[in-house]
Amino acid sequence: MSSIRNAIPKRTYKERSQPASRKKFGFLEKHKDYVIRAREYHKKEETLRILKEKAANRNPDEFYFGMIRTKTINGVHRPESEANKYTPEELSLMKTQDIGYVLQKLQIEKKKVEKLKATLHNLDNQPSNRHIYFAEDREEANELQSKFSRNKELNTLGPIPKGIKRKMNASYKELEARMKRVEDLERVHAEMTLKKELQKKGRKHKLREDEIVCPTSKPVYKWRAERKR
């Protein structure tokens, strides 16, 4: 019986749209919107019920070590800061690994830039054949010049196909983007190397502009010479 009932097509019930005169009152909630809102409401209600039950059955003598490293500020649970979680040796090792990763990416980008330049070099620099002719008088010189002009017109290459020109433009854009990436990686590598060097032991000071031999926009530091034992 149920199979026969399911075989009969059912009428699709449609909800009416919001009248234009009532749009000023906001969005008209449909039944599917109500279902989603009701499910979210009951889900939050069940979560609150479980938390209240746990709080009611809590053991007042309960203790765990997280209580020592955390505290409550204005009713908000705040964990202890993990700024000093790693030792200076561990921080130095992690910085070395980061610098090595950046250096590896920099070398990969440089190889790709060199490969693109080698590919596009032959397209930019077309070979130019030059021949020197010697004429006895002005008439022979004019004749040779006219002959050379006709041969040049015959040997002139036609326009570059659109497909090849489009690929060339895409290659030049890629080359420009990779060169910009190389510059950014070099700057990041220099900054990370400087920060790592500044963390090392030893007295140092930042040089003033009048103390720098080669003017540069980057900061320059000088370490105090120490006698090695």
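A distance-only check finds no donor-acceptor pair linking the side chain of E53 to the backbone of N57 [under 3.5 Å]. Judged by distance alone, with hydrogens and angles left aside, the side-chain atoms of Q18 form a donor-acceptor pair with the main-chain N or O of G26 at under 3.5 Å.
Between S17 atom OG and K23 atom NZ the span is 8.0 Å, to the nearest 0.5 Å. The structure places OG1 of T96 at 9.0 Å from CE of M192, a figure rounded to the nearest 0.5 Å. Distance check: L103 CG to D98 CG gives 12.5 Å after rounding to the nearest 0.5 Å. If you take NE2 on H42 and OG1 on T47, they are separated by 13.0 Å, rounding to the nearest 0.5 Å. Taking NZ of K196 as the reference point, atom NZ of K95 lies at 10.0 Å (rounded to 0.5 Å). Between the NZ atom of K110 and the CG atom of L106 there is a distance of 4.5 Å, given to the nearest 0.5 Å.
Inter-residue side-chain proximity for R22 and L28 is flagged as unmet; no heavy-atom pair is nearer than 4.5 Å. Between E186 and E109, every side-chain heavy-atom pair lies at or beyond the 4.5 Å cut-off. Side-chain contact between M179 and K117: present, with at least one pair of heavy atoms (C-beta onward) separated by less than 4.5 Å.
Partners of F63 under the ring pair (Phe, Tyr, Trp, His ring centres under 6.0 Å) rule, at least two apart in sequence or in another chain, are F65. Qualifying side chain to side chain contact (heavy atoms under 4.5 Å, CB included) partners for K195, counting only residues two or more places apart in sequence or in other chains: none.
A salt bridge links R49 to E46: one of the charged nitrogens lies within less than 4.0 Å of a carboxylate oxygen. Salt bridge absent: E40 and K44 never bring a charged side-chain N and a carboxylate O closer than 4.0 Å.
Within a 6.0 Å radius of CG in N74, no more than 12 heavy atoms belonging to other residues, nucleotides or ligands are found. Counting non-hydrogen atoms of neighbouring residues, nucleotides and ligands closer than 6.0 angstrom, the CD atom of E176 reaches no more than 12 such neighbours. Enclosure of atom CD in E45 by more than 12 non-hydrogen atoms of other residues, nucleotides or ligands within 6.0 angstrom is indicated.
Minimum heavy-atom separation, V182 to V113: CG2-CG2, 4.1 Å.
Residue pairs meeting the side chain to side chain donor-acceptor pair (under 3.5 Å) criterion with at least one member in residues 28-38, sequence neighbours excluded: E29-R37.
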